[in-house]
Amino acid sequence: MPRYLDWDRIALLAALVAPLAVALVLLPFRSALPNTSVALILVVVVVAVAAIGNRLAGALAALSAAVWFDFFFTHPYQRFSITKSADIETAVLLLVVGLAVSQLAAYARRLRVITVTDADYLARIHETAELAQSARATDTIVDHVTAELTDLLNLRGCRFEYGILTGHPPRLEQDGAVVWGHKRWDVDRLGLPDEEVELRTIGNGRFYGRFMLEPTPGSVPPLQARLVAVTLADQVGTALDTAARG
């Protein structure tokens, strides 16, 4: 995630600078270029900014492009005012189209991030399943999933307790929700509770143990990560059940 945050900062800077820079490059050709062509070029700049950044960067770039289009390419020049109705329409369309395409570009970027993340999740599940089939000692799969959960949920710590079910800690359920007492905890808004969270391992309907998750304060693991965590715990339950029956 820090890599994407860095790109977002770069995009915000580009949103302020790039439309002005392109407008200055086009300025010597003002008499030869129709304003519609200038507007289309500026839209391309907006798309580029939104593609590397987020919606805020795209919207800021669209606003910046419209402002500099007005300042440099509409009468009276070097003033923030427009006298021709055609130029008013072009400036408004530039802003509207710029905002629209920035939303689309940012959405496409978000889908790309989700796809990469999903591929990582699938790789974790596949690797754990292969290990569960090949490992002779159940401790191997337990240790592997302990490390996976720590990384996946950004935990401070994680341990496995065999056959223990005491106390009433918050519990990570099969649907990725966290239940504390008789209430659901809003993980997406509040993050994980600031105490150990229980993740049970069940194989063939039998309880074999639980992972005790020690959350990092302020960390908000997404629903997909929590669902993968549940899947990994289920794989441990299956491996323990197979070992018990073998």
Side-chain angles (χ1 to χ4, degrees), residues 1-2 4 110-246:
M1 290 306 295
Y4 289 109
R110 177 177 176 273
L111 289 179
R112 185 168 66 251
V113 173
I114 291 175
T115 300
V116 172
T117 304
D118 284 348
D120 176 65
Y121 289 162
L122 290 173
R124 291 175 188 268
I125 294 171
H126 179 70
E127 182 182 357
T128 303
E130 285 190 333
L131 183 62
Q133 292 177 355
S134 61
R136 295 182 178 180
T138 55
D139 287 346
T140 302
I141 183 67
V142 169
D143 290 344
H144 171 78
V145 171
T146 298
E148 286 290 311
L149 293 175
T150 301
D151 180 58
L152 182 66
L153 302 177
N154 190 29
L155 303 174
R156 286 191 297 183
C158 179
R159 71 180 191 280
F160 186 75
E161 297 178 345
Y162 285 92
I164 297 176
L165 193 58
T166 59
H168 301 283
R171 184 172 65 255
L172 180 57
E173 298 281 16
Q174 290 290 312
D175 62 356
V178 171
V179 175
W180 197 352
H182 299 289
K183 297 182 180 180
R184 291 171 71 94
W185 180 264
D186 191 349
V187 180
D188 294 322
R189 185 171 64 89
L190 302 173
L192 292 172
D194 191 20
E195 64 175 78
E196 287 190 321
V197 177
E198 173 187 82
L199 174 57
R200 297 179 180 180
T201 57
I202 298 174
N204 199 29
R206 297 178 61 185
F207 173 76
Y208 283 96
R210 62 184 181 178
F211 288 96
M212 298 303 294
L213 317 175
E214 186 181 355
T216 299
S219 177
V220 185
L223 175 60
Q224 286 182 316
R226 304 195 307 267
L227 291 173
V228 173
V230 170
T231 302
L232 298 181
D234 286 344
Q235 289 177 324
V236 172
T238 300
L240 292 173
D241 183 69
T242 301
R245 295 173 182 275

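Values below: every heavy atom of this structure, side chains too, minus hydrogens, waters and symmetry copies.
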Considering all heavy atoms, the nearest Thr201-Ala233 contact: CG2-O, 3.5 Å
- request: Please report the shortest heavy-atom distance between Leu223 and Gly176, naming the atom on each side.
  value: CD1-CA, 4.0 Å
- request: Find the distance between CG (Leu192) and CG (Asp194) and round it off to the nearest 0.5 Å.
  value: 10.0 Å
Non-hydrogen side-chain atoms of Asp234 and Gln174 separated by less than 4.5 Å: yes
task: Return the minimal non-hydrogen interatomic distance between Thr138 and Ala239, and the atom names on each side.
output: CG2-O, 4.2 Å
Sub-4.5 Å side-chain heavy-atom contact between Met212 and Val197: no
message: Quick one, Leu240 with Tyr162, criterion side-chain contact (heavy atoms from CB on, under 4.5 Å). Give me CA distance, side-chain angles, the key distance, then yes/no.
response: CA-CA 10 Å; Leu240 292 173; Tyr162 285 92; 4.1 Å; yes
message: Does Arg156 have more than 12 heavy atoms from other residues, nucleotides or ligands lying within 6.0 Å of its CZ?
response: yes
task: Measure across Ala225 and Tyr121 and return the closest heavy-atom pair with its distance rounded to 0.1 Å.
output: CB-OH, 3.4 Å
query: Between Phe211 and Thr146, is any pair of side-chain heavy atoms under 4.5 Å apart?
result: yes
- prompt: When you measure from the side chain of Trp185 to the backbone N and O of Arg171, does any donor-acceptor pair fall under 3.5 Å?
  reply: no
Gln235 side chain near Ile125 side chain, heavy-atom distance below 4.5 Å: yes
- prompt: Considering all heavy atoms of both residues, which atom of Ala229 and which atom of Leu199 are nearest to each other, and what is their separation?
  reply: O-CD2, 3.6 Å
message: Walk me through whether Asp188 and Arg226 qualify under side-chain contact (heavy atoms from CB on, under 4.5 Å).
response: CA-CA 11 Å; Asp188 294 322; Arg226 304 195 307 267; 3.3 Å; yes
query: Would you say the side-chain atoms of Arg210 pair up with the backbone N or O of Arg200, donor to acceptor, closer than 3.5 Å?
result: no
query: If you measure from CG on Asp175 to CG on Leu227, what distance do you get to the nearest 0.5 Å?
result: 7.5 Å
- prompt: Do the non-hydrogen side-chain atoms of Glu214 and Leu155 ever get within less than 4.5 Å of each other?
  reply: no
query: Mind checking whether Trp180 and Glu195 have side chains closer than 4.5 Å, heavy atoms only?
result: yes
- request: Please step through side-chain contact (heavy atoms from CB on, under 4.5 Å) for the pair Thr128 and Ile141, ending with a clear verdict.
  value: CA-CA 7 Å; Thr128 303; Ile141 183 67; 3.6 Å; yes
task: Output, in order, the C-alpha distance, side-chain angles, deciding distance and verdict of salt bridge (Lys or Arg N to Asp or Glu O under 4.0 Å) for Asp143 and Arg159.
output: CA-CA 9 Å; Asp143 290 344; Arg159 71 180 191 280; over 6 Å; no
- request: Please check if the side chain of Thr216 supplies one atom and the backbone of Asn154 the other of a donor-acceptor pair under 3.5 Å.
  value: yes
field: Over all atoms of both residues, closest heavy-atom pair of Pro169 and Thr166
entry: CD-O, 4.0 Å
- prompt: Is there a side-chain contact between Arg206 and Asp241, using heavy atoms and a 4.5 Å cut-off?
  reply: yes
- request: Mind running side-chain contact (heavy atoms from CB on, under 4.5 Å) on Leu149 and Arg124 for me, showing each step along the way?
  value: CA-CA 10 Å; Leu149 293 175; Arg124 291 175 188 268; over 6 Å; no
field: Note, Pro221 side chain near Leu152 side chain (heavy atom, < 4.5 Å)
entry: no
